[in-house]
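As structure tokens, the structure follows; a few thoughts come after it.
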Amino acid sequence: MSGPAWWRRRSLRTRLTVIAATAIAVSLFVAFQVASELMDGQLQDTAEEQLRADSRVLATNAERAGLAQVELPPYPGSGRLVRVILPDGSVRTPPGQPALPPVSEPAGRVAQGVSADLMESGDSDDDGYLVYTLRAGDGAVQVARVADDSPINGFGLGMLLIGLLCVVGGALVGRTVARTGLAPIDRLTAAAVRVAHTRDLDADIPDEGGGEIRRLIRSINEMLAALRDSRRAQRLLAEDAAHELKTPLTSMRLNVELLIRLDRRGTLDSALPAESRTRLLNDLGAQVAELSTLAAELTDLARGDVSDESTEMLDLADVVAAAATRAHSRVPDIEVALDVTSVWVSGRPAGLERAVLNLIDNAGKWSPADQPVQVRLRAEGASAVLEVDDAGPGIDAADVPRVFDRFYRADSARAMPGSGLGLSIVQRVVDAHGGRVTVARSARGGALLRVDLPRGSTVVPPHSRE
């Protein structure tokens, strides 16, 4: 398993624990490196100062007594090492003192008077030395110390032990902090699981914590509210659909049962004259058409979007003309008078055509046979304005607030064909295109429905259609 995959599989609590322990370990390592360098430098400076001081004392004695006669006490077994370099290049050392590395060429030049002093480090097979050479008389004196790494090693061991304790402590603290900090998320997870299991969308998650946790909880509560609204809308749609389907289905069932019963008795021709049969069959055809229209509108409404087609720049005048042609082909008695100007909008052609068709169909139901449905399209500022009016009785003021509700039909429209979904679909399409639809009374006394849509950026020379 690759590293990133393994890491992604770990829980957030484990990640925080590992991050905390790693951060402490890295911090301690960097601190140890810096402290070791500082400590090593300080010890080096101290050792060099001590060598210089001892060398000055030895050089003073050598100049006073002579390099060959200066007293060199026996080596005590530890501490500094000394050596006298005579003018002929030979050396003197205290009795019992360990041998120092041979005199280096730069140290020899100090003895010859080329330079005054020299600080150098020399290595033997076993020990490292720090050697200071100082000009004295006709030669030089040297004082050396064995390089001692024990303070650094002891410091490193102490830091290692402290680091291990800190890493363990940091892991524990990180675990505790993670557990405490993630407690609201644990409760949030439990609440989400409870909602998923019980499907109870009415139980909001308590708002607790702060910052990101609070924003997360509020976002989830908003999501639950949206799901509640969606489920409520689905339930209302199902209830309204069942109610609207009930009447035509009942009528169809009664008519079909009547035909079947008379046919089984063999009295169909005698019980139902030709005129009655024709009227009954026409009723059945009208009821089937009404059910088909209602099913199509329910399907379109339940989809929750205008369509899956993409948005494009289109001339709304072409859409209006196509909708008027469809309306006349469906109901030849509808007369549509077009007064449209080319206006370009960004939208979905099929959805807009369906909305315009519903407006024309709605107006056609109310217009008298000798009065056409007037459809006007023009550009007005930054909007494309579509108006559809009829010469019918108009819409009562009490019905205006609910005219775009699903399945709503005014009392005066109960006897008219339709499902009460047409204007609801219009409003949904217009809203999806960022527009607005309103209803008013036309100059001819009927209903005037106005649609305002945002104009597109494409500019095309205007033209008129009749």
Considering only heavy atoms from C-beta outward, does the side chain of [X] approach that of [Y] to under 4.5 Å?
X	Y	answer
V84	V70	yes
D45	E49	no
L352	V430	no
L377	D339	no
D390	S442	no
R135	D117	no
L51	M119	yes
L67	P87	yes

Using the side-chain contact (heavy atoms from CB on, under 4.5 Å) criterion, which residues pair with [X]? Sequence neighbours excluded.
X	value
A107	V103, S104, L118, E120, T133, Q142
T325	none
R56	R52, A53, L134
S90	L86, D88

Can you tell me if [X] uses its side chain to pair, donor with acceptor, with the backbone of [Y] under 3.5 Å?
X	Y	value
D452	G435	no
T311	G347	no
R455	V343	no
H433	R428	no

Could you go through W344 and L316, starting from their C-alpha distance and side-chain angles, then the distance that decides it, and tell me whether this counts as side-chain contact (heavy atoms from CB on, under 4.5 Å)? CA-CA 6 Å; W344 288 78; L316 193 56; over 6 Å; no
Just verifying a value: how many Å separate [X] [atom1] and [Y] [atom2], rounded to the nearest 0.5 Å?
X	Y	atom1	atom2	result
Y129	L81	OH	CG	6.0 Å
S55	E48	OG	CD	11.5 Å
T438	L448	OG1	CG	7.5 Å
E63	D138	CD	CG	9.5 Å
L338	Q374	CG	CD	10.5 Å
R326	E353	CZ	CD	5.0 Å

L314/V319 under side-chain contact (heavy atoms from CB on, under 4.5 Å): CA gap, chis, key distance, verdict: CA-CA 8 Å; L314 52 90; V319 174; 3.7 Å; yes
Can you list the steps and then say if V451 with V385 is a side-chain contact (heavy atoms from CB on, under 4.5 Å)? CA-CA 6 Å; V451 174; V385 178; over 6 Å; no
Ignoring hydrogens and angles, state whether a donor on the side chain of S342 or D315 is under 3.5 Å from an acceptor on the partner side chain.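 Side-chain D/A pair, S342 to D315: present.
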Examine the side chains of Q427 and D431 and answer whether a donor and an acceptor come within less than 3.5 Å of each other.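 Their side chains do not contain a donor-acceptor pair, so the 3.5 Å distance test is not met.
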Set of salt bridge (charged side-chain N to carboxylate O under 4.0 Å, His left out) partners for R376, sequence neighbours left out: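 Here the qualifying residues are E387, D389.
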Has E380 got more than 12 heavy atoms of other residues, nucleotides or ligands less than 6.0 Å from its CD?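 Correct, the count exceeds 12.
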Taking all non-hydrogen atoms of both residues, which atom of [X] and which atom of [Y] are closest, and how far apart?
X	Y	result
V375	V340	O-CG1, 4.3 Å
L130	A47	CD2-CB, 4.0 Å
M313	S346	SD-CB, 3.8 Å
V131	A144	CG2-CB, 3.7 Å
A323	L357	O-CD1, 3.6 Å
V345	P454	CG1-O, 3.6 Å

Verify side-chain contact (heavy atoms from CB on, under 4.5 Å) between L386 and V320, making sure each step is shown before the conclusion. CA-CA 9 Å; L386 172 68; V320 173; 4.0 Å; yes
What pairs meet the side chain to side chain donor-acceptor pair (under 3.5 Å) rule with one or both residues in residues 64-82, with sequence neighbours excluded?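 Only N61-R64 qualify under side chain to side chain donor-acceptor pair (under 3.5 Å).
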